[in-house]
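This report concerns only the one structure given below.
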Amino acid sequence: MKYEDFWYLSKIGFLDQVEPPASSDVLKCIKHSTYNRHDIIRTPDAPQHELCFIKEGSVRLYTINEQGKQFTYSLLGPGSTFGKIKYFSLSCDDVYVEAIEPTHFCAIDEKAFLTLSEKYPILLHKALEALSERLHEREQRLKYMALENSREKIIHILQTLYDRYNSPSENQNYYTIAFPITQQELANMVGVSRESVSIVFTELVNEGLIRFPKRKQIDVHYSLVNNDPNPPYIQALYTNSSYPKPFN
């Protein structure tokens with residue numbers, strides 16, 4: 001395998017731990033595409049039977065209701081997989097797929113993938129892993145959307161993005177969410193107004209749980225991504241306690 005092939009494979013999360021000859025045969029069948037910010041990549045009325053692997057950039061998957069309101073139900077960045085082939089779909093049923101930023105992804109069509117899966121069962125296993133992960137995320141999302149308030153919904157989305165796209169920041173108490181999320185995108189995901197997201201963000205900033213070092217970048221405090229998103233001093237704020245606050 002050529003040197004540049006290893007670079008391509010390293011950018012395709014789906015092919016992690018898939019060794020040659022399976023990985024190299026998949027690479028031969030892949031087609032590459034690039035899109036600019038706000039380009040519509042897929043629409044519900046023009047479905048593509050293929051698997052797509054995001055190498056660079058990010059996309060959002062959304063629907064539009066009869067009133068024209070958008071609902072974003074998935075944000076995907078480098079290493080993510082989406083698409084639809086025979087037997088299963090990875091977040092691509094009746095949705096629009098839009099590039100959030102300049103995006104480079106590659107795709108393998110249904111026929112080629114199924115043929116290779118018969119030869120290399122590991123590929124089908126990887127597809128099922130991706131499907132299982134997506135279903136788990138959707139189950140958790142539905143639980144939070146149905147039961148929790150706006151603050152908890154937004155914290156859940158931030159935790160999910162952290163799990164996928166976190167990276168260290170200069171301050172060891174914080175982690176950067178390496179994904180270009182906006183307040184409007186969060187509003188579209190949790191089903192509230194942008195103003196509601198802004199209010200929650202203001203609370204979280206004042207509590208020292210998030211910060212915005214630059215546009216479209218969110219840093220989250222380590223305590224926000226623990227099992228209990230509200231550490232003791234934050235709980236104290238809501239009980240009017242005099243518990244000392246570590247952030248000035």
Sub-3.5 Å donor-acceptor pair from the side chain of [X] to the main-chain atoms of [Y], do we have one?
X: N36; Y: D39; answer: no
X: S223; Y: H221; answer: no
X: S80; Y: I54; answer: no
X: Q159; Y: L224; answer: yes
X: S117; Y: F113; answer: yes
X: N206; Y: T202; answer: yes

4.5 Å side-chain heavy-atom contact, [X] and [Y]:
X: P44; Y: Y96; answer: yes
X: V59; Y: I100; answer: no
X: R151; Y: H156; answer: no
X: K55; Y: C106; answer: yes
X: T63; Y: D94; answer: no
X: V220; Y: Y174; answer: no
X: P78; Y: E56; answer: no
X: Y175; Y: D219; answer: no

Spacing of [X] atom [atom1] and [Y] atom [atom2] [to the nearest 0.5 Å]:
X: L75; Y: I157; atom1: CG; atom2: CD1; value: 8.0 Å
X: L186; Y: F201; atom1: CG; atom2: CZ; value: 4.5 Å
X: R164; Y: F179; atom1: CZ; atom2: CZ; value: 8.0 Å
X: T176; Y: I218; atom1: OG1; atom2: CD1; value: 10.5 Å
X: L124; Y: L116; atom1: CG; atom2: CG; value: 12.0 Å
X: Y35; Y: T103; atom1: OH; atom2: OG1; value: 10.0 Å

Connected via hydrophobic side-chain network under 4.5 Å: I199 and V190: no

Paired with T72, the side chain to side chain donor-acceptor pair (under 3.5 Å) test is passed by just one of Q184, E185, E98, namely E185

Chi angles and distances behind the side chain to side chain contact (heavy atoms under 4.5 Å, CB included) call for I154, V197: CA-CA 8 Å; I154 291 170; V197 175; 4.0 Å; yes

Judged by modelled atom types alone, do [X] and [Y] share a side-chain donor-acceptor pair under 3.5 Å?
X: R211; Y: Q217; answer: no
X: T160; Y: Y165; answer: no
X: Y62; Y: N188; answer: no

Answer yes or no: does atom CD of E66 have more than 12 heavy-atom neighbours from other residues, nucleotides or ligands under 6.0 Å? no

Under 4.0 Å between a Lys/Arg side-chain N and an Asp/Glu carboxylate O for D25 and K119? yes

Would F82 and F105 count as a close aromatic pair, with their ring centres under 6.0 Å? yes

Begin with the C-alpha distance, continue with both residues' side-chain angles, and end with the deciding distance and a verdict on side chain to side chain contact (heavy atoms under 4.5 Å, CB included) for K153 and N149. CA-CA 6 Å; K153 290 177 183 179; N149 60 37; over 6 Å; no

Checking H32 against H104 for the side chain to side chain contact (heavy atoms under 4.5 Å, CB included) test, could you report, in this order, the C-alpha distance in whole Å, the side-chain angles of both residues, the deciding distance, and whether it holds? CA-CA 7 Å; H32 298 268; H104 180 186; 3.4 Å; yes

Please walk me through it: do M189 and S74 pass side chain to side chain contact (heavy atoms under 4.5 Å, CB included)? CA-CA 8 Å; M189 292 188 77; S74 193; 5.9 Å; no

Do you know the tightest heavy-atom contact between G191 and F71? N-CE1, 4.5 Å

